[in-house]
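First up is the structure itself, then whatever we jot down about it.
Residue numbers start at 1 and run along the sequence shown. What you see is a predicted model; the values in this text were computed from it and never measured. Both ligands and their constituent atoms are indexed starting at 1 by order of listing.
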Amino acid sequence: MSHSKTAVVIPAAGSGERLGLGIPKALVEVGGRTLIERAVENLSTLAAETVIAAPAGYEENFRAIFAQAHLASHVVVITGGATRSQSVANALKALSLTTKYVLIHDAARAFAPTELAESILAQLNLGENAVVPALDVVDTIKVVDERGYVIDTPQRDLLRAVQTPQGFTFETITAAHASGADATDDAALVAVLGVPVKVVPGSQLARKITTLDDLTWAQELVGK
Ligand code: CTP
Ligand code: MG
């Protein structure tokens, strides 16, 4: 299929401040394996190359994990940046120029299943340039001002909680990051270019490990 044309980029250069364990979040172990290992395992079978953005100073720790023979194939570790967007931009520069599709996936969403990434790739194969997984929102979401007062209540059935992996054609995502702009996801930078972003069903398993509650969820998941 598209394997030889697909690359995976994993922003993993965050510090995991909200988890508060004193080590980069991607190096935290759940059920004896690090989040970065799990994130890579679930996606790298779909790609010809995998580029990981590691926190500055931790590159060798990440390389050591992937030095094991069964994990070694085509994993490249580069130095991340001060923001998630900078980490992704750094990783994109390491991709081979023959890349056609790029899956960008947070190390923090280490339990996202391979099938979710496959559903993203399927849309790219059908001709989409940008595809994101998302879940319906259950809470009513408010826009709030700096003083703590509600400004607006967006219509809930139009809202989605967006996840990763997000998939893009190589030209689209490199163009989106060319400006050096910052956003909390890659699809936001693509949308600025006027490129349509297709939404497909997300997965509860793609939950972002952010707090200790999320880590407990993950431990229960692998304990099953
Ligand atoms: N990330 C990155 N480079 C940064 C900041 C974040 O590559 N400068 C990555 C994280 O490693 C993570 C993803 O972006 O895989 C989503 O970020 P988040 O969940 O916020 O992780 P952290 O920034 O590590 O967590 P915290 O904000 O609690 O410090
Ligand atoms: Mg962060």
Side-chain angles (χ1 to χ4, degrees), residues 7-30 33-44 47 49-66 75-95 102-114 116-117 120 132-135 160-168 173-174 176-177 179-190 202-219 221:
V8 168
V9 162
I10 311 231
S15 55
E17 202 124 315
R18 286 169 289 180
L19 209 47
L21 296 178
I23 57 167
K25 187 158 68 183
L27 296 178
V28 170
E29 288 187 12
V30 176
R33 302 218 319 287
T34 57
L35 294 181
I36 187 62
E37 239 175 294
R38 291 179 178 280
V40 167
E41 269 172 15
N42 289 338
L43 260 67
S44 63
E49 56 183 344
T50 299
V51 178
I52 299 169
Y58 285 91
E59 298 88 342
E60 290 311 319
N61 304 64
F62 280 66
R63 286 187 189 115
I65 290 169
F66 294 98
V75 172
V76 173
V77 177
I78 58 98
T79 307
T83 63
R84 185 189 178 284
S85 293
Q86 281 174 25
S87 294
V88 171
N90 289 357
L92 290 174
K93 288 178 191 140
L95 295 183
V102 184
L103 290 172
I104 304 181
H105 185 46
D106 290 338
R109 298 184 192 270
F111 299 90
T114 308
L116 184 61
I120 303 292
V132 303
L135 296 176
R160 300 290 182 274
V162 173
Q163 305 175 318
T164 72
Q166 300 189 349
F168 308 95
I173 195 61
T174 47
H177 277 279
S179 66
D182 188 43
T184 52
D185 79 347
D186 300 287
L189 299 178
V190 164
S203 167
Q204 297 288 351
L205 294 172
R207 174 167 169 170
K208 185 149 73 98
I209 311 295
T210 305
T211 64
L212 288 175
D213 277 351
D214 301 318
L215 201 58
T216 302
W217 167 82
Q219 279 155 351
L221 183 73

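- A heavy-atom cutoff of 4.0 Å around ligand 1 is satisfied by the protein residues Pro11, Ala12, Ala13, Gly14, Ser15, Gly16, Glu17, Arg18, Lys25, Gly81, Ala82, Thr83, Arg84, Ser87, Asp106, Ala107, Ala108, Lys208.
- At least one donor-acceptor pair under 3.5 Å links the side chain of Ser87 to the backbone N or O of Gly81.
- For His177 and Asp186, the side-chain atoms include at least one donor-acceptor pair closer than 3.5 Å.
- Ion pairing of Arg33 with Glu41 is present here, as a side-chain N (NZ or NE/NH1/NH2) and a carboxylate O approach within less than 4.0 Å.
- With hydrogens and angles left out, the side-chain atoms of Gln163 and Ser203 include no donor and acceptor closer than 3.5 Å.
- With Arg207 as reference, Asp214 is the one residue of Leu135, Leu221, Asp214 to meet the side-chain contact (heavy atoms from CB on, under 4.5 Å) rule.
- Distance alone, capped at 3.5 Å, places no donor-acceptor pair between the Arg84 side chain and the Gly14 backbone.
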